[in-house]
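The structure under discussion appears below in the form of structure tokens.
Lettering of chains follows the sequences in order, A, B, ..., and the numbering in each one begins at 1. Predicted model, so just to flag it, every value in this text is computed and none were measured.
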Amino acid sequence: MKRSKKLLFVARSAPYGSARARTLLDVVLAAAVFEQDAAMLFLGDGVYQLSNHQDGSAVSAKTLGKSLAALPLYGIGKLFAEAAALPERGLELGELALPVEPLCNRQIRELFERADVVFNL
Amino acid sequence: MKRSKKLLFVARSAPYGSARARTLLDVVLAAAVFEQDAAMLFLGDGVYQLSNHQDGSAVSAKTLGKSLAALPLYGIGKLFAEAAALPERGLELGELALPVEPLCNRQIRELFERADVVFNL
Amino acid sequence: MSCLHLLSKSPASGLLELASKALVPGDALLLLEDGVYFQSQPQQLAALPAGVTIHFLEQDLLARGLHGALPENAGRIDYDGLVELCIRHDKTTSWF
Amino acid sequence: MSCLHLLSKSPASGLLELASKALVPGDALLLLEDGVYFQSQPQQLAALPAGVTIHFLEQDLLARGLHGALPENAGRIDYDGLVELCIRHDKTTSWF
Amino acid sequence: MIFSIVVHASPASSQAAATALRFAAAVLRGGHGIERLFFLADGVGNACSLTVTARDETDLQERWRELIREHGIKAGVCVSSAIRRGVVDAQQAQRHELAGASLHPEFAIAGLGELLEACARSDRVVSFG
Amino acid sequence: MIFSIVVHASPASSQAAATALRFAAAVLRGGHGIERLFFLADGVGNACSLTVTARDETDLQERWRELIREHGIKAGVCVSSAIRRGVVDAQQAQRHELAGASLHPEFAIAGLGELLEACARSDRVVSFG
């Protein structure tokens, strides 16, 4: 498969309530397996996916945060979060389920500009 | 079927984009057929269902406003709308697809208080 | 007649603003599924009328890693507590 | 590289606020499905950065009975126009 | 006390179906009755017999069937919601010349009148979606 | 120009499926190509063969089939989305001992790799949901 395109995955849904976060993650993991050039941005409610101490078993679901934590192992190293969304939702950068780089609004716009294909869920 | 209960149907979704408005209307029409004591309140984006000059054929759908206009014929006479939501969405009371009584917030709360069963979609 | 309002979407959905139009003193608000994210964004809850009790569904808090304090006046309940809440109020309605 | 943003939910969804974080001058915003209700609530559109073009999908306006004027700087297009918009911009993303 | 429970969401897309199931179990655990489960709109997916669940995930369809069977609960699936979504019983499959049925036999196709009748007979109606 | 189109929504619940179909028709009308249609999440409902549409409504499933057939388009259905929602082909039905198949033969079960391959081969990827 060609690898020239930059894929951007925008995770903007809270986890567990809907299957959106899980669906997007499945596509990201597939992109990793097929060695695509992929970046992931947690935007708005999507930053809730980064919350630490998640326990999906309380609602008979897989723990999303745990699956996300595997992304660097799969070679997905470009992980970003909307900086402003974290404190708005009671999250602190140092206490997340996986390390992400916080982006200001200008950097978010630059990330979109650089991408060739944008999935947004 | 017993008829002692007061049913309140809260239509709070814009039409066409999703099937919610149509699904709720189906239940309201069934309530009419079974001669239940039913009232319907258009709340928030739900007032868009009352928009005049709708033409579902433009998106290969049935025209919801036309189906709603049949409600009084089915015996559903208690039709209400959130008064504040109409001007917020560019709608005027005199130019709606069916006649509704505008309710202020106090009257909306009273409508909820009087109901025995509330469907909300 | 009092009503139990079930709200299952995150604060970003704007649903609480809509539900507020129907909430009266004596009613209860149950936050469940993504509704429990109000724990981390409690500002909108402060605007509810006095006399509305607020409850968070425990299992949904746990799943989402929301271990912080709940807003003042709010409690946490499990499914058995939810059944009790339904009984204590005359009817329910669901905002989703 | 410019982007075409498709937005298909009503103003009440709060999605435009989210999409705004990604909109840059040169981008285009296509309002379709329930997104065309921005015709009747254009306030949020006024806050978009200059240089973003705004388009409403004609068929969705017609279906919903939205015959009023569009906000200044906004145009109406049909499906063929939408395909053209996709070509004119380097990529698309969808907010739903 | 007598409850009826209305489910609007598919287990594959929303947590609401799982919430409804847990609520139903809690109602029964509390010694209360369930007049009827009613599956509407995307909720008809709970009654589909052709789903496959990954081994490490909960098979919600199967858990509904157990609950319905063990407690003898009436479970209705809205006919107009169901046929649009490809959830059909054997009789409908035959009438519309479809390849087969996809409604699990623990559930029954029902009209909206049955939802309204359930409301009339229940002390509380609780919706999940 | 080459497009790929991703559909996330079921025709029974959202207008997005109808929008995607109209968009696909406009792409072809404009003389462009469609590398692949890809149905994901609730979008797999577009490929279900067991749906019944009321006489006065548009049969979107049938219109997809016509489009795919007439233009020889590849139409993939995400395997993990599909099996959770009861959209299965004959081979899967046999393997999982299900009563029958529910995927229309104009569509093919596909992995997410095929979605990514379609992205690599297309000038534009457009999603509807």
Side-chain angles (χ1 to χ4, degrees), chain C residues 1-16 18-19 22-23 26-40 53 55-66 75-96, chain E residues 1-46 56-58 60 63-64 67 71 73 81 115-116 118-129:
Chain C
M1 295 198 304
S2 75
C3 183
L4 168 65
H5 297 257
L6 291 81
L7 197 156
S8 54
K9 301 293 174 208
S10 97
S13 69
L15 265 182
L16 184 60
L18 208 61
L23 278 159
D27 281 1
L29 174 65
L30 173 74
L31 299 165
L32 75 166
E33 300 174 16
D34 288 349
V36 299
Y37 285 117
F38 277 100
Q39 184 271 334
S40 72
T53 62
H55 311 266
F56 285 81
L57 194 60
E58 171 105 61
Q59 283 88 340
D60 286 319
L61 287 168
L62 290 175
R64 290 161 181 81
L66 298 168
R76 71 182 70 214
I77 59 169
D78 59 10
Y79 278 89
D80 295 332
L82 171 51
V83 173
E84 285 305 311
L85 262 188
C86 290
I87 293 169
R88 215 146 65 220
H89 295 275
D90 300 299
K91 65 204 167 218
T92 77
T93 195
S94 302
W95 304 88
F96 57 82
Chain E
M1 214 168 224
I2 306 298
F3 286 77
S4 279
I5 297 171
V6 187
V7 184
H8 291 255
S10 143
S13 304
S14 162
Q15 194 197 337
T19 304
L21 178 78
R22 286 180 173 223
F23 178 74
V27 165
L28 298 167
R29 196 162 57 232
H32 307 289
I34 296 180
E35 166 66 24
R36 185 177 279 270
L37 303 171
F38 199 87
F39 297 88
L40 193 62
D42 284 346
V44 302
N46 291 281
D56 55 350
E57 289 173 21
T58 305
L60 213 71
R63 292 201 47 211
W64 278 119
L67 187 95
H71 298 272
I73 300 171
S81 297
L115 169 60
L116 295 163
C119 292
R121 291 188 181 166
S122 304
D123 301 302
R124 296 290 182 276
V125 181
V126 189
S127 297
F128 296 92

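With a 4.5 angstrom heavy-atom cutoff, D60(C) touches chain E only via side-chain atoms.
Taking CZ of R22(E) as the start and CD of Q59(C) as the end, the distance is 5.5 Å to the nearest 0.5 Å. The OH atom of Y79(C) lies 9.0 Å from the CG atom of L21(E); values are rounded to the nearest 0.5 Å.
Near-neighbour residues of residues 25-33 of chain E relative to chain C, defined by a heavy atom under 4.5 Å from a heavy atom of that chain, comprise A26(E), V27(E), R29(E), H32(E). The interface of residues 1-11 of chain C with chain E, defined by heavy-atom distances below 4.5 Å, comprises L6(C), S8(C), K9(C).
Between the side chain of T92(C) and the backbone N or O of V125(E) there is at least one donor-acceptor pair closer than 3.5 Å. When atom types are taken as modelled, the side chain of S94(C) and the backbone of S127(E) share a donor-acceptor pair closer than 3.5 angstrom.
Heavy-atom contacts from other residues, nucleotides or ligands closer than 6.0 Å to CZ of R36(E) number more than 12.
Taking T93(C), D90(C), L32(C) one by one and counting their heavy-atom pairs under 4.5 Å with chain E, the maximum is reached by D90(C).
When every heavy atom of F128(E) is checked against every heavy atom of F96(C), the shortest pair comes out as C-CE2, 4.3 Å.
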